[in-house]
Amino acid sequence: MSEQNERWTRASTHPDMWVDPDDDPRDNQGPGPEGEHATLLGFLADYRLTLRMKCEGLNPGQLARRSVPPSPMSLLGLVRHLAEVERDWRNWITDGEPLPRLYGPKDADFHGAVAERTAVDTAFADLEREQKEVDVLLAGHPDLGDRVGREGIAVRELMVHRIDEYARHCGHADLLRECVDGRVGQ
């Protein structure tokens, strides 16, 4: 029988929130960004930050915990997976030879998520580096209709795909975190 964590949140204003609005580092207050490009970048930034928030305060063992067996998914695995996905997107954007996978064959990003400080630090560094590389490449294409890479993918399509990927995995992170220590919230 598995251990059941008591559900909890740091929020006191709204019990279904991760943190109180005044403590939320995401840009959710005031008017939204102007224009489609700024809106897409804002959503992407918020989902990226949400993933980091779901991982904060956990030790390597908790981050690597496979909380929903038989799935190999863990919070650390999600970080590694998203670093791998950002690498894939970088390969989509460029015309040169594709860069090799970061962690090996399919699902190695999840299977290699081990409870070691170096694995955690490496995963977050990989994610940050890959995000920056893709961001820099896309910054050179401010027109969302521009087509990039060997397959001529539209920048708009790539941006929406990135948001979709992070949003889906933030939903996974919600459930994984609740299984790890009972913390809940949007």
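Since the model is a prediction, treat every value here as computed from it, not as a measurement. Values below: all heavy atoms of this structure, side chains included; hydrogens, waters and symmetry mates excluded.
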Quick one: do Asp143 and Val155 satisfy side-chain contact (heavy atoms from CB on, under 4.5 Å)? Show the steps, please.
-> CA-CA 8 Å; Asp143 181 344; Val155 172; over 6 Å; no
Identified salt bridge (charged side-chain N to carboxylate O under 4.0 Å, His left out) partner of Asp135 from the options Arg48, Arg129, Arg90 = Arg48
Heavy atoms, side chains only, cut-off 4.5 Å: are Leu76 and Phe110 in contact?
-> no
Any donor-acceptor N/O pair, Asn5 side chain to Val180 backbone, under 3.5 Å = yes
Check the angle between the aromatic planes of His161 and Trp89 and answer parallel, tilted or perpendicular using the 30° and 60° thresholds.
-> perpendicular
Look at Arg162 together with Glu86 and state whether they make a salt bridge at an N to O cut-off of under 4.0 Å.
-> yes
For Ile93 and Leu137 the tightest heavy-atom approach is CG2-CB, 4.0 Å
Could you check if a side-chain atom of Arg183 sits within less than 4.5 angstrom of a side-chain atom of Trp18, using non-hydrogen atoms only?
-> yes
If you look at every heavy atom in Ser74 and Gly77, which pair is closest and at what distance?
-> OG-N, 2.9 Å
Classify the angle between the aromatic ring planes of His81 and His169 as parallel (below 30°), tilted (30 to 60°) or perpendicular (above 60°).
-> perpendicular
Separation between CG (Leu58) and CG (Leu176), nearest 0.5 Å, reads 10.5 Å
Drop me the distance from Leu127's CG to Leu102's CG, to the nearest 0.5 angstrom.
-> 10.0 Å
Under 3.5 Å: donor-acceptor pair, side chain of Arg150, backbone of Thr94 = yes
Hey, what do you get for CZ (Arg65) to CG (Asn59), rounding to the nearest 0.5 Å?
-> 11.0 Å
When hydrophobic residues are tied together by side-chain contacts of less than 4.5 Å, even through go-betweens, does Leu51 share a cluster with Val19?
-> no
Quick one: CG on Leu63 to CZ on Arg177, what's the gap to the nearest 0.5 Å?
-> 8.0 Å
CZ (Arg7) with more than 12 external heavy atoms under 6.0 Å | no
Check for a donor-acceptor pair, side chain of Arg66 on one end and backbone N or O of Ala64 on the other, with a separation under 3.5 Å.
-> yes
Nearest non-hydrogen partners of Asp95 and Gly149, listed with the distance | OD1-C, 3.2 Å
Going only through I, L, V, M, F, W and Y residues with side-chain contacts under 4.5 Å, is there a path from Leu82 to Leu49?
-> no
Does any N or O in the side chain of Arg80 come within less than 3.5 Å of the main-chain N or O of Ala108, such that one atom is a donor and the other an acceptor?
-> yes
Ion pair check, Lys54 and Asp174, cut-off under 4.0 Å = yes
Sidechain-backbone polar pair: Asp20 side chain, Thr13 backbone, donor-acceptor under 3.5 Å | yes
4.5 Å side-chain heavy-atom contact, Pro72 and Asp107 = no
Does a sphere of radius 6.0 Å around CZ in Phe43 hold more than 12 heavy atoms from other residues, nucleotides or ligands, not counting ones at 6.0 Å or beyond?
-> no
Report whether Met17 and Met53 are members of the same hydrophobic cluster (ILVMFWY, side-chain heavy atoms less than 4.5 Å apart, transitive linking).
-> no
For the residue pair Pro60 and Arg117, what are the closest heavy atoms and their distance?
-> CD-NH2, 3.3 Å
Quick one: CG on Leu144 to NE2 on His141, what's the gap to the nearest 0.5 Å?
-> 11.5 Å
To the nearest 0.5 Å, atom CZ of Arg156 lies from atom CZ of Arg147 at 9.5 Å
Are Met73 and Tyr103 connected, step by step, through hydrophobic side chains (Ile, Leu, Val, Met, Phe, Trp, Tyr) whose heavy atoms are closer than 4.5 Å?
-> no
Go through the steps to decide whether Val148 and Ile153 satisfy the test side-chain contact (heavy atoms from CB on, under 4.5 Å), and finish with yes or no.
-> CA-CA 5 Å; Val148 296; Ile153 187 169; 3.8 Å; yes
4.5 Å side-chain heavy-atom contact, Gln62 and Leu75 | no
Under 3.5 Å, side chain of Arg87 to main-chain N/O of Pro100, donor-acceptor pair present?
-> yes
Taking all atoms of both residues into account, what is the closest heavy-atom pair of Cys55 and Val79, and its distance?
-> SG-CG2, 4.1 Å
